[in-house]
Amino acid sequence: MTIRFVASSKLPTAMGMFTMHGFADDETDKEHVVLTMGDLSGDEPVLARVHSECLTGDALFSLRCDCGPQLQAAMHKIALEGRGVIFYLRQEGRGIGLLNKIRAYHLQDSGADTVEANEELGFGADMRDYSILKPMLEHLQIHTLKLLTNNPRKVKALQDMGIAIAERLPHQTGRNPHNAHYLETKKGKLGHMFEFVENNPQDEK
């Protein structure tokens with residue numbers, strides 16, 4: 001593992017003052033960010049979100065996914081609790097990269113779902129690697145997480161690495177008519193634990 005800590009700074013946001021920690025992965029030449037708030041020391045589980053980069057959803061306000069609302073909701077929940085951490089991992093498009101994500105979106109515009117589009121491009125449905133988390137957790141001296149996620153694969157991946165998860169907390173937000181089919185695919189093909197209110201016919205447009 002080639003993850004190394006670079007520097008920390010204050011990051012004032014609309015949700016409150018976070019501390020931003022920068023990490024470099026010398027093997028992949030990617031840069032990762034961790035946001036923390038409050039005192040994370042001790043044995044009490046830390047409220048946490050492991051968020052994979054989504055330029056379109058996080059920064060460009062795309063409604064094709066639920067990434068932007070999930071990131072904002074995680075920051076809000078941590079601010080309310082006064083203590084927590086967000087790992088912002090540079091794994092755009094579930095690990096296939098930004099330009100391939102645009103290619104996948106093009107296929108989805110022609111009728112493929114998010115899993116079919118990735119596979120048609122020669123990728124797996126989810127190419128993300130969470131092993132980069134371990135050195136970040138060790139650096140921040142975080143021992144146990146209360147994980148904000150709907151993704152059981154993420155929970156299992158972290159547990160398989162020996163990361164202690166005291167609790168999985170549902171993190172469902174941002175459903176809209178443009179991403180309803182995408183979320184249904186994540187539920188049906190990737191096992192995400194959503195509890196949708198069934199069913200608005202307009203959602204499937």
Side-chain angles (χ1 to χ4, degrees), residues 9-22 30-37 47-81 84-118 121 123 125-128 130 147-151 154 169-190 192-197 199-205:
S9 72
K10 293 180 179 178
L11 185 70
T13 75
M15 286 80 159
M17 182 66 74
F18 285 81
T19 300
M20 178 170 59
H21 311 268
K30 289 187 176 179
E31 299 166 332
H32 305 282
V33 168
V34 181
L35 302 182
T36 62
M37 179 179 282
L47 184 62
R49 169 73 181 165
V50 177
H51 191 89
S52 296
E53 177 185 27
C54 178
L55 176 70
T56 49
D58 297 339
L60 302 180
F61 316 111
S62 168
L63 297 177
R64 297 189 72 134
C65 62
D66 55 346
C67 300
Q70 283 193 318
L71 177 60
Q72 293 171 37
M75 294 176 71
H76 182 63
K77 289 175 182 177
I78 287 170
L80 287 176
E81 187 153 313
V85 59
I86 296 174
F87 297 90
Y88 193 85
L89 307 181
R90 308 297 297 278
Q91 302 193 104
E92 180 77 47
R94 293 202 301 276
I96 67 174
L98 177 61
L99 298 185
N100 283 322
K101 185 168 91 169
I102 296 173
R103 295 171 67 202
Y105 277 174
H106 176 71
L107 293 173
Q108 291 174 45
D109 288 343
S110 301
D113 66 34
T114 181
V115 171
E116 293 167 346
N118 275 28
L121 292 172
F123 300 110
D126 190 341
M127 303 286 287
R128 289 175 290 186
Y130 298 109
L147 190 62
L148 293 163
T149 185
N150 307 311
N151 184 352
K154 185 182 295 182
L169 300 173
H171 194 55
Q172 185 174 323
T173 184
R175 180 180 167 93
N176 68 72
H178 299 281
N179 67 19
H181 181 62
Y182 164 79
L183 297 179
E184 292 287 356
T185 300
K186 289 212 298 186
K187 179 180 180 181
K189 292 191 173 181
L190 300 176
H192 285 223
M193 294 174 280
F194 293 126
E195 295 179 2
F196 299 134
V197 176
N199 194 5
N200 183 353
Q202 295 297 317
D203 287 351
E204 299 306 321
K205 290 184 178 179

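Along the sequence shown, the residues carry numbers beginning at 1.
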Do [X] and [Y] have side-chain heavy atoms sitting under 4.5 Å apart?
X    : Y    : result
L11  : M17  : no
P69  : R175 : no
L89  : H32  : yes
V50  : T149 : no
L190 : R94  : yes
I78  : L35  : no
H181 : Q108 : no
I96  : R103 : no

In this structure, are over 12 heavy atoms from other groups packed under 6.0 Å from E31 atom CD?
->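 No, because the 6.0 Å sphere around CD of E31 holds 12 heavy atoms or fewer from other groups.
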Side-chain ([X]) to main-chain ([Y]) donor-acceptor, under 3.5 angstrom:
X    : Y    : result
N179 : G174 : yes
H51  : I86  : no
N176 : L63  : yes

Looking at K101, K30, R128, which one forms a side chain to side chain donor-acceptor pair (under 3.5 Å) with E92?
->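 Looking at K101, K30, R128, the match for E92 under the side chain to side chain donor-acceptor pair (under 3.5 Å) is K101.
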Which salt bridge (Lys or Arg N to Asp or Glu O under 4.0 Å) pairs, counting each pair once, include a residue from residues 55-64, with sequence neighbours left out?
-> R64-D109
Interatomic distance, L71 atom CG to S52 atom OG [nearest 0.5 angstrom] |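 The OG atom of S52 is 11.0 Å from CG of L71, to the nearest 0.5 Å.
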